[in-house]
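Below: one structure, written as structure tokens.
Please read these numbers as outputs of a predicted model, since none were measured by experiment. In what follows, chains carry the letters A, B, and so on, assigned in the order in which the sequence lines appear, proteins first and then strands, with residues in each chain numbered from 1.
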Amino acid sequence: MVRPMSTSGAAKPGKPAKNTAATPEAAPEKTLDRIIGERRDKGVALANAGRNPFRNDVAPRDQIADVRARYTATKPAADAVHEGIVPVDGTMVQVAGRIMAKRGFGKTVFAPLRDRSDDIQLYLNVDNLDAGDFEHVLPNLDAGDIVACEGPVFWTKRGEMSILAKRLWVLTKSLRPLPDKWHGLADVELRYRQRYVDLAVSPDVREVFRKRSMIVRGIRQFLDERNFLEVETPMMHPIVGGAAARPFVTHHNALDMRLFMRIAPELYLKRLVVGGFDRVYEINRNFRNEGLSRRHNPEFTMLEFYQAYATYDDLMNLTEELVASLAKQINGATKVTWDGVEVDLAAPWQRLTVQEAVRTLGGIADAERVFTDPAYAVQMCAQHGVPAADIARAISEGVPAGTVLPYPADQLTALFKTEERDTVAAALIALYPSEHVRRVRAGHLGYLLFEATAEDKLVQPTFLTQFPLAVSPLARRNENAPEFCDRFELFVCGKEIANGFSELNDPDDQRARFAAQMQAKAVGADETMDYDEDYCRALEIGMPPTAGEGIGIDRLAMLLTGQASIRDVILFPLMRPE
RNA sequence: GGGGGCGUAGCUCAAUGGUAGAGCAGCGGACUCUUAAUCCGUUGGUUGUAGGUUCGAGCCCUACCGCCCCCA
């Protein structure tokens with residue numbers, strides 16, 4: 001079947017001679033329109049010669065990479081004498097892909113062809129190519145066209161493996177020109193908006209996404225080998241849970257129900273652990289309604305996995321093994337360059353408590369006092385640039401709900417920007433019901449101080465451990481220090497890659513943590529979890545001792561492919577509409 | 001949200017406030033081992049959008065749109 005090209009009335013013939021005077025009312029044709037018109041005309045010419053320019057009756061038998069592999073060893077010595085064009089063995093290969101360039105020599109045309117696996121050069125010559133193809137197909141061939149080609153393999157004098165084309169079919173006529181053959185597509189905006197063009201012309205970009213796919217496959221293999229069960233849990237949640245982030249809100253019509261796009265699958269996965277699937281994982285999208293940056297995309301991919309009868313310590317060991325083995329599998333080495341820094345992912349990695357990080361990297365000599373004395377912590381935070389709003393909230397969260405504050409709640413942030421800060425803080429701290437709350441609040445401030453002073457100094461892979469309770473509402477308390485949790489985060493080049501902990505499975509403690517989240521929300525925190533009563537009920541059924549972890553797949557892909565922007569590891573990053 | 005940068009032909013980029021150019025691609029021609037092929041000729045522009053200043057604006061000013069970077 002030959003579908004005629006729909007040559008639009010506006011399209012002009014191949015030679016747009018200067019006869020526009022004959023149609024003075026015609027709008028001037030733009031360059032791109034003219035190019036598209038010329039390409040359409042070639043499609044019409046193909047159709048007129050009985051060659052459908054959009055056909056689907058020729059499937060390639062061979063992949064280019066396979067052809068290359070098969071013939072690489074037959075390459076003649078550099079000093080070999082050439083006697084015309086001699087196929088290696090006369091075996092016909094048949095490949096298909098996109099024509100990347102066209103170099104014409106009158107009766108000979110060289111045209112590199114690219115399929116998903118590799119490139120190979122087509123040698124299209126009047127003496128060898130089917131006469132009809134030479135006459136009707138070749139003149140209507142453009143860079144960008146999808147073609148199939150059949151012929152034997154030979155080596156050119158310059159030592160380039162080539163296919164001596166006997167037959168050539170245009171399978172898909174490309175109507176738009178490809179970007180500059182040398183510079184490619186440099187405009188990052190166009191690269192993201194028209195990823196199909198970016199991928200078509202940039203092997204490097206293809207390679208990044210191929211590696212990303214290998215990473216995900218490698219993770220599945222790694223976990224499957226360890227008897228983890230891959231599961232799928234809801235992406236639309238009736239309540240917000242599992243992480244501290246602002247959600248996307250949507251609505252289900254039939255049930256007339258508000259739903260949140262999930263910010264994390266954590267609470268569902270742990271329900272499965274309660275149910276007896278005590279090694280589970282999920283690799284899927286999370287959605288967080290936050291700004292875009294080099295390291296944030298509103299939808300991103302997360303691996304979360306849970307292993308019963310394991311501790312956060314076990315998961316740190318597992319993570320080292322997983323990431324180091326992925327690096328070897330994908331790059332053949334544990335060293336990668338990221339952000340201009342050489343990072344070595346070989347195990348073991350440094351382990352450092354948050355408090356130690358504040359002292360050694362943040363340069364706060366009395367870090368211990370920061371994590372026990374909230375008044376001191378306020379001073380340190382203020383000195384080191386922690387935003388006043390964050391300090392005010394962290395301090396306020398310790399005041400029991402319903403207490404009449406000595407200062408108007410809506411002026412707290414403003415007050416924390418002034419010299420009155422310490423007085424105000426002291427007044428609020430005086431309202432705390434217990435020494436425990438004082439320490440919990442100090443821990444919260446200590447964590448803010450860590451973010452301000454130390455986080456970006458964690459360059460080589462580092463497990464940051466012993467997180468303050470206040471910022472870890474789902475993690476198990478440390479046996480010896482109840483204001484800290486058995487939790488870690490993995491940092492590389494100042495970026496958080498993974499987050500794991502021994503799970504909190506005491507339902508009463510979990511209820512108290514949810515209540516604390518409600519309190520935080522009440523004093524203005526916008527990244528809080530909702531109280532999840534069903535999850536608490538599940539914990540009452542009983543969750544075995546468990547450790548769980550989330551690994552950001554996008555950031556891991558950035559690390560292992562050396563990309564500086566998350567947009568370069570997401571095929572279609574979020575953009576404003578054109 | 002704040003600050004900085006960028007936006008010119010299909011692509012990659014030029015252009016003291018004074019006639020908008022080049023390379024590639026395209027088109028026509030030559031060429032049977034090129035690979036950023038070469039050579040000759042040639043088409044192609046509402047300089048992101050809308051205003052303003054000026055005798056004159058791609059360039060200066062204002063607003064808006066989009067992208068990038070930094071900060072919050």
Side-chain angles (χ1 to χ4, degrees), chain A residues 12-20 27-42 76 80-87 99-114 119-129 134 138-145 154-165 174-194 197-198 200-202 290-296 339 385-390 413 417 448 451-452 456 526 564-568 573-578:
Chain A
K12 292 190 176 176
K15 250 189 213 178
K18 299 206 173 175
N19 57 355
T20 46
E29 198 175 35
K30 288 179 142 182
T31 313
L32 180 57
D33 293 335
R34 201 195 63 231
I35 293 170
I36 291 173
E38 287 161 357
R39 285 174 169 247
R40 283 184 184 279
D41 292 341
K42 290 176 183 173
V81 183
H82 268 271
E83 299 170 9
I85 293 165
V86 184
I99 295 289
M100 299 311 295
K102 190 182 173 190
R103 295 188 284 275
F105 284 79
K107 298 189 170 64
T108 293
V109 170
F110 294 90
L113 180 74
R114 173 174 300 169
D119 291 7
I120 196 166
Q121 176 171 266
L122 305 183
Y123 183 86
L124 304 142
N125 170 285
V126 66
D127 297 332
N128 298 279
L129 185 62
F134 189 86
L138 202 48
N140 294 308
L141 184 70
D142 286 307
D145 291 350
F154 80 106
W155 294 88
T156 67
K157 283 178 188 168
R158 300 290 176 88
E160 175 88 20
M161 187 191 294
S162 306
I163 292 175
L164 181 60
S174 167
L175 298 181
R176 285 176 185 266
L178 292 179
D180 188 286
K181 66 186 171 190
W182 185 243
H183 300 96
L185 195 56
D187 183 323
V188 292
E189 183 176 352
L190 279 185
R191 287 187 44 228
Y192 300 148
R193 289 193 191 280
Q194 300 182 25
V197 177
D198 191 29
V201 302
S202 306
E290 293 161 356
L292 290 76
S293 79
R294 250 166 30 129
R295 50 183 88 170
H296 296 92
D339 270 7
V386 176
D390 293 349
T413 296
K417 286 177 180 166
L448 297 175
E451 289 183 317
D456 60 3
D526 51 7
S565 172
I566 198 169
R567 295 181 200 100
D568 290 320
L574 183 67
M575 304 280 281
R576 282 200 168 82
E578 284 182 74

With 3.5 Å as the limit, what N/O pairs link the protein to nucleotides 3-8 of chain B?
none

So which protein N/O to nucleotides 68-72 of chain B N/O distances come out below 3.5 Å?
residue : atom : partner  : partner atom : Å
B:rC68  : OP1  : A:Arg567 : NE           : 3.2
B:rC68  : OP1  : A:Arg567 : NH1          : 3.4
B:rC69  : OP2  : A:Arg567 : NH1          : 3.3
B:rC70  : OP1  : A:Arg294 : NE           : 3.4

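For the pair A:Leu190 CG and B:rC11 P, the computed distance is 6 Å after rounding to whole Å. The distance from atom CD of A:Gln194 to atom C1' of B:rG10 is 11 Å, rounded to the nearest whole Å. The CD1 atom of A:Ile35 sits 9 Å away from the P atom of B:rG26 (whole-angstrom rounding). Following rounding to the nearest Å, A:Leu574 (CG) and B:rC67 (C1') show an atom-to-atom distance of 13 Å. For the pair A:Asp41 CG and B:rG28 C1', the computed distance is 15 Å after rounding to whole Å. Note: CG (A:Leu32) to P (B:rC11) measures 8 Å, nearest angstrom. Rounded to whole Å, the distance from CD on A:Glu578 to C1' on B:rU49 is 16 Å. One interatomic measurement links the two molecules: CD1 of A:Ile36 to C1' of B:rU43, which rounds to 16 Å at whole-angstrom precision.
B:rC6: Watson-Crick or G-U partner is B:rG66, with both key distances under 3.5 Å. With both pairing distances under 3.5 Å, B:rU38 is matched to B:rA30 as a Watson-Crick or G-U wobble pair. The partner of B:rC60 is B:rG52, by the rule that a Watson-Crick or G-U pair needs both atom distances under 3.5 Å. Partner assigned to B:rG1 is B:rC71, using Watson-Crick or G-U wobble distances below 3.5 angstrom. Base pairing of B:rG17 is not made with any nucleotide, judged by Watson-Crick or G-U wobble geometry with both donor-acceptor distances under 3.5 Å. In a base pair of the Watson-Crick type (N1 to N3 plus N6-O4 or O6-N4) or a G-U wobble (N1-O2 and O6-N3), with each distance short of 3.5 Å, B:rG23 is matched with B:rC11.
In this structure, the side-chain contact (heavy atoms from CB on, under 4.5 Å) partners of A:His296, at least two apart in sequence or on a different chain, are A:Ser293, A:Arg555. Listed by chain and residue number, nothing satisfies the side-chain hydrogen bond (donor to acceptor under 3.5 Å, both in side chains) test with A:Glu451 (two or more places apart in sequence, or in another chain). Evaluation of the side-chain hydrogen bond (donor to acceptor under 3.5 Å, both in side chains) rule for A:Asp127 yields no partner, not counting sequence neighbours. Not counting sequence neighbours, the partners of A:Glu189 by the side-chain hydrogen bond (donor to acceptor under 3.5 Å, both in side chains) test are A:Arg193. Evaluation of the side-chain contact (heavy atoms from CB on, under 4.5 Å) rule for A:Asn140 yields A:Lys42, A:Ala45, A:Leu46 as partners, not counting sequence neighbours. Scored by the side-chain contact (heavy atoms from CB on, under 4.5 Å) test, A:Ser202 finds A:Asp198, A:Val205 as partners (sequence neighbours excluded). Residues forming a side-chain hydrogen bond (donor to acceptor under 3.5 Å, both in side chains) with A:Asp456 (at least two apart in sequence, or on another chain): none. Scanning for side-chain contact (heavy atoms from CB on, under 4.5 Å) contacts around A:Val188 gives A:Arg191, A:Tyr192, with sequence neighbours left out.
Across the C1' atoms, B:rC6 and B:rU43 are found 30 Å apart, a figure rounded to whole Å. Atom C1' of B:rC59 sits at a distance of 15 Å from the matching atom of B:rG52, rounded to the whole Å. Taking atom C1' on both nucleotides, B:rA9 is separated from B:rG5 by 24 Å, rounded to a whole Å. Nucleotides B:rU38 and B:rU34, compared at atom P, are 12 Å apart to the nearest Å. For the C1' atom pair drawn from B:rC11 and B:rA25, the interatomic distance equals 7 Å after rounding to whole Å. A distance of about 25 Å separates the C1' atoms of B:rU12 and B:rG4, rounded to the whole Å. Using atom C1' as the reference point in both B:rG48 and B:rC67, the two lie 11 Å apart (nearest Å). Separation of the C1' atoms belonging to B:rC69 and B:rU8 is 22 Å when rounded to the nearest angstrom.
Phosphate contact (OP1/OP2 of B:rC67, side-chain N/O of A:Arg193, threshold under 4.0 Å): present. In this model, the phosphate group of B:rG26 is not approached by any side-chain N or O of A:Lys30 to a distance below 4.0 Å at OP1 or OP2. Put simply, A:Arg576 has a side-chain N or O that comes within less than 4.0 Å of OP1 or OP2 on B:rC67.
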Let me check something: any side-chain donor-acceptor pairs from residues 103-110 of chain A under 3.5 Å, sequence neighbours excluded? List them with distances.
residue  : atom : partner  : partner atom : Å
A:Arg103 : NH2  : A:Gln121 : OE1          : 3.2
A:Thr108 : OG1  : A:Asn125 : ND2          : 3.0

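Looking at A:Arg40, its side chain never comes within 3.5 Å of a backbone N or O of A:Leu175 through a donor-acceptor pair. A:Lys181 places no side-chain N or O within 3.5 Å of a backbone atom of A:Ala101 that could act as its donor or acceptor partner. For the pair A:Asn128 (side chain) and A:Ala165 (backbone), a donor-acceptor distance under 3.5 Å is absent. A:Arg176 places no side-chain N or O within donor-acceptor distance of the main-chain N or O of A:Leu32, the cut-off being under 3.5 Å.
Each of A:Leu185 and A:Asp142 was matched to the nucleotide of RNA chain B holding its nearest heavy atom; the match closer to the 5' end belongs to A:Leu185.
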Going 5' to 3' through nucleotides 29-39 of chain B and flagging B where a protein heavy-atom sits under 4.0 Å of the base, S where only the sugar-phosphate is that close, and - otherwise, we get --BBBBBBB--
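Contact record, A:Ser174 with A:Gly144: CB-O, 3.2 Å, taken as the closest heavy-atom pair.
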